[in-house]
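Notes follow once the structure below has been shown.
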Amino acid sequence: MVEHVRDASTYLYHYTSGKIAVEYILRSKLLRFGKYSRTNDPKEAKSWQFDLGSNSGRDLGHYDMQELSAWLSSELKSRTRLLCFSMDKEPICGDHLRDIFNRGYCKPRMWAQYADRHAGVCLVFNRQRLSDLIKTQVDVGHLVYSGPVAYVDRGIVRSLWRDQQYTIDVDALDSDGRSAYAAKHLLTHWKQLFFEKMTDWRDECEWRYVVFSRSDDDLFVAYGQALEGIVFGEETPQETIRAVIDATADQGVRYLGLKWKNCSPWYDYATMLSWTASRPRRPE
C-alpha cells in the first residue's frame, strides 16, 4: 500500500469512525450505500429547483413549475444511493517520501471531518475488485454509475442552451409521460447532476458509486477480498486498533499507522511492523 505504488487508480479510501468501522462494516463485511439526500453538500441534500423550457413555443404558464420541479427532484434523488471514497492524486512515482502527500489515506481534512478527528480509520479498497463486486451484486434492475467527481463552479446564471440539467423540457414531458421523462433526463444529465461538486471540495479527490434503485430499502454490498488495508490515524485509541485487528483477523489485510511530526505526516513503521507480523495471510 505504501512503497513502489505507481498507479493512482489502484486504491480507493473510505474514512470513517472506529465505531462504525468495527460494528457496522468490518464485522458484517458489508458496505452500505447511503441516501444521496443525506450528504453534507447543500447541492445534494437540498431539493433541486428546475425551470421549464419548450422548443415548440408552448405556453409555459399552463404548467405548475413548482410542482413539476418538486416532482422531478424527488424522482431523481429519493431512491438514489451512493458510496464515497477518496483517490490517490497524480503524480504517484513510487517514491513514498514524495508520494505521501498525494496518497488518498493522508488527507488531514478528511481525517478531521469523516474519521472522528484523526481517531478513526481509513479503509483501503482495491478499486477494480470492488467495482467487479458491485457489478455482480447490485440487482440488474438498478442503474449504476461510477467515476471521479468533477469539481466545477457553476454560477447561478446558466446558459439556457448549454446547461440543461436543471430545465424540464415540457415538450418531451408531454410526449413521454412523467416516468419515461425522468429516466431520459437522468440518462442525459447524470454526470452534471450526480458527479459534480464545487471546487472547494476538490482536495477530497472523490470517487463515487451511484445507484439509482427501484426500491426504498437499504442497499448493501459484500466487499469480499477488495479490502486490502486499514490505516489508523494520529489519535486512534489502542482499544480501537485492537478491535479493528480482531475484527479482520481472518481477512489478511495490511495495517498502517500515520503520525505527524511537526508539519509533516509520516508512517508509524515500528507499530506497523508488529501489526503486520501478527496478521494471518490472506487466503488464496
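Model, not experiment: these values are computed from the prediction.
Proximity of Arg109 to Glu204: side-chain heavy atoms (C-beta onward) are separated by under 4.5 Å at one or more points. Taking 4.5 Å as the limit, every side-chain heavy atom of Asp268 sits out of range of all side-chain heavy atoms of Phe232. Annotation: side chain of Lys197 is in contact with side chain of Arg208 (closest heavy-atom distance under 4.5 Å). Residues Leu60 and Met65 have side chains not in contact (no heavy-atom distance under 4.5 Å, counting atoms from C-beta outward). At a threshold of 4.5 Å between non-hydrogen side-chain atoms, the residues Leu31 and Ile25 count as touching.
Here Asp203 does not pair with Lys107 in a salt bridge; the nearest charged N to carboxylate O distance is not below 4.0 Å. In summary, Lys191 and Glu196 do not engage in a salt bridge, as defined by a charged side-chain N under 4.0 Å from a carboxylate O. Using a 4.0 Å cut-off between charged side-chain N and carboxylate O, Asp88 and Arg127 make no salt bridge.
In summary, the aromatic rings of Trp111 and Tyr15 are positioned with their centroids under 6.0 Å apart. Between His96 and Trp266, a ring centre-to-centre spacing shorter than 6.0 Å is recorded.
Summarising the local packing, CZ of Arg214 is surrounded by 12 or fewer heavy atoms from other residues, nucleotides or ligands at distances under 6.0 Å. Atom NZ of Lys46 is surrounded by 12 or fewer heavy atoms from other residues, nucleotides or ligands within 6.0 Å. Within a 6.0 Å sphere centred on CZ of Arg58, heavy atoms belonging to other residues, nucleotides or ligands number more than 12. Within a 6.0 Å radius of CD in Gln66, no more than 12 heavy atoms belonging to other residues, nucleotides or ligands are found. No more than 12 heavy atoms of other residues, nucleotides or ligands shown are found within 6.0 angstrom of CD on Gln49.
In summary, of the residues considered (Phe212, Phe194, Tyr209, Phe195), a ring-ring contact (aromatic ring centres under 6.0 Å, His included) with Tyr36 occurs for Phe194 alone. Residue Tyr181 is tested with Lys184, Arg178, His185 for a side-chain hydrogen bond (donor to acceptor under 3.5 Å, both in side chains); the sole match is His185.
Listed for the Ser28 side chain is a donor-acceptor partner under 3.5 Å among the backbone atoms of Tyr24.
Note: Trp48 and Phe50 have perpendicular aromatic rings, judged against thresholds of 30 and 60 degrees for the angle between ring planes.
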